[in-house]
Structures are given as structure tokens and as C-alpha cells.
Amino acid sequence: MDVTPLIPEGRQIIQSYGAGGFRVSGVNYADPIIVLPTETLSWQTHAYADLTPEDFAQLSSMAAEIDVVLLGTGARGEFFPPRLRGALKERGLTVEAMDTGAACRTYNVLMAEGRRVAAALMPV
């Protein structure tokens, strides 16, 4: 029995991650990315520890269209500073931080359910 979720046509699915990059809907990416249900964007950012609210400007401009942003922090889960969480909440974004693998898997499940989700991913 096939238990893989049915992916609506035209939706971005994260196929793999690791070795410093990602494969999303057949396209390879070697840097941080933002994955939305209908497109994947380059994410011009720094190391996780240096993130600022400005690093989320692309997502802030789409806040009305996103219910949750899954923040992939790299190889391991990292503490998400309350000050950054609050600043992003003020910009209309709900962000859940987790390791990048968990963010990729969670994004795929929520996207397949038709949820309004985005993933901001740091490479592993």
C-alpha cells in the first residue's frame, strides 16, 4: 500500500537535504533557501546565530499568506531567541525553529495537507 502523501501539481516538495545543500522539486540548491508551496527562493542570510529580523524580510512581505514558518537551524536544533521570535511576530510571522531535517519533513507533511507553510532552511 502506498502511504506517501499526494502532492498537488505545481507544489514544491523537499526531496533531500545534506552535504551543504537541498534538492527541491528536481532542482539542486547549494545555499540557504526559502521553500514556499509554489516556489523556492534563495535566502541571502548568514549563520543561524547571526539572524536578524531583516533576514526574514522576504517572508514578512508575505506574512498574510503564511500560517507558519519552519526555521531549519542546521544539523541540530538551536535555541530560538525570544527577542527575535517577538520581532518576527510583530511582523506577522509565526516561526517554529527545529533542526533542518525536521523542518524539511514537517514542511512536506504540512504542504501536502494544503497548509500555508514556508520553510527557511540553513544547510546541513
Asks: Do Pro123 and Asp31 have side chains that get closer than 4.5 Å, going by heavy atoms?
Replies: no

Asks: Looking only at heavy atoms, which two atoms of Glu78 and Ala97 are closest? And how far apart?
Replies: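 Result for this residue pair: O-CB, 4.4 Å.
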
Asks: Quick check against the 3.5 Å criterion: does Asp55 have a side-chain atom that pairs as donor or acceptor with the backbone of Thr52?
Replies: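 Such a contact is found between Asp55 side chain and Thr52 backbone.
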
Asks: Begin from the C-alpha positions of Ile14 and Val35 and carry the test side chain to side chain contact (heavy atoms under 4.5 Å, CB included) through to its verdict.
Replies: CA-CA 8 Å; Ile14 303 169; Val35 184; 4.2 Å; yes

Asks: Taking Thr73 for the side chain and Arg76 for the main chain, is one N or O donor matched with an acceptor at less than 3.5 Å?
Replies: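 Side chain of Thr73 to backbone of Arg76: a pair is present.
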
Asks: Does the side chain of Thr94 come under 3.5 Å of the side chain of Glu96 through a donor N or O and an acceptor N or O?
Replies: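 The criterion, which ignores hydrogens and geometry beyond distance, is not satisfied for Glu96 and Thr94.
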
Asks: May I have all residue pairs that pass ring-ring contact (aromatic ring centres under 6.0 Å, His included) and include part of residues 28-63, sequence neighbours excluded?
Replies: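 Applying ring-ring contact (aromatic ring centres under 6.0 Å, His included) to every pair that reaches into residues 28-63, excluding sequence neighbours, yields Trp43-Phe56.
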
Asks: I'd like to know whether Val69 forms a side chain to side chain contact (heavy atoms under 4.5 Å, CB included) with Leu88, so could you lay out the CA-CA distance, the side-chain angles of the two residues, the decisive distance to 0.1 Å, and finally the verdict.
Replies: CA-CA 10 Å; Val69 175; Leu88 295 174; over 6 Å; no

Asks: Using a 4.5 Å cut-off on heavy atoms from C-beta on, say whether the side chain of Thr38 contacts that of Arg11.
Replies: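 Yes. Closest side-chain heavy atoms under 4.5 Å.
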
Asks: Between CD of Glu90 and OG of Ser60, what distance do you get to the nearest 0.5 Å?
Replies: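 With rounding to 0.5 Å, CD (Glu90) is 11.0 Å from OG (Ser60).
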
Asks: If you take all heavy atoms of Met122 and Ala47, which pair is closest and at what distance?
Replies: CE-C, 3.7 Å

Asks: Does Ile34 share a hydrophobic cluster with Leu93, counting links as ILVMFWY side-chain heavy atoms below 4.5 Å and allowing steps through other members?
Replies: yes

Asks: Same cluster or not: are Leu71 and Phe22 linked, directly or through other Ile, Leu, Val, Met, Phe, Trp or Tyr residues, by side-chain heavy atoms under 4.5 angstrom apart?
Replies: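 In one cluster: no.
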
Asks: Transitively linked via ILVMFWY side-chain contacts under 4.5 Å: Leu121 with Val124?
Replies: yes

Asks: Sub-3.5 Å donor-acceptor pair from the side chain of Thr106 to the main-chain atoms of Ala103, do we have one?
Replies: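 No, Thr106 side chain to Ala103 backbone: no donor-acceptor pair under 3.5 Å.
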
Asks: Check the hydrophobic clustering (I, L, V, M, F, W, Y; side-chain heavy atoms under 4.5 Å; chains of links allowed) and say if Met98 and Leu59 are grouped together.
Replies: no

Asks: Report yes if the side chains of Val27 and Thr40 come closer than 4.5 Å at any heavy-atom pair, otherwise no.
Replies: no

Asks: For residues Leu36 and Met62, determine if any side-chain heavy atom of one lies less than 4.5 Å from a side-chain heavy atom of the other.
Replies: yes

Asks: Verify side chain to side chain contact (heavy atoms under 4.5 Å, CB included) between Leu70 and Leu110, making sure each step is shown before the conclusion.
Replies: CA-CA 10 Å; Leu70 304 171; Leu110 294 177; 4.3 Å; yes

Asks: Going only through I, L, V, M, F, W and Y residues with side-chain contacts under 4.5 Å, is there a path from Ile13 to Val24?
Replies: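 Yes: a chain of side-chain contacts under 4.5 Å links Ile13 to Val24.
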
Asks: Output the distance between atom CD (Glu54) and atom OG1 (Thr45), rounded to the nearest 0.5 Å.
Replies: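 Atom-to-atom, Glu54:CD and Thr45:OG1 are 10.5 Å apart.
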
Asks: Can you list every ring-ring contact (aromatic ring centres under 6.0 Å, His included) pair that touches residues 69-124, not counting sequence neighbours?
Replies: none

Asks: Does any N or O in the side chain of Gln15 come within less than 3.5 Å of the main-chain N or O of Gly26, such that one atom is a donor and the other an acceptor?
Replies: yes

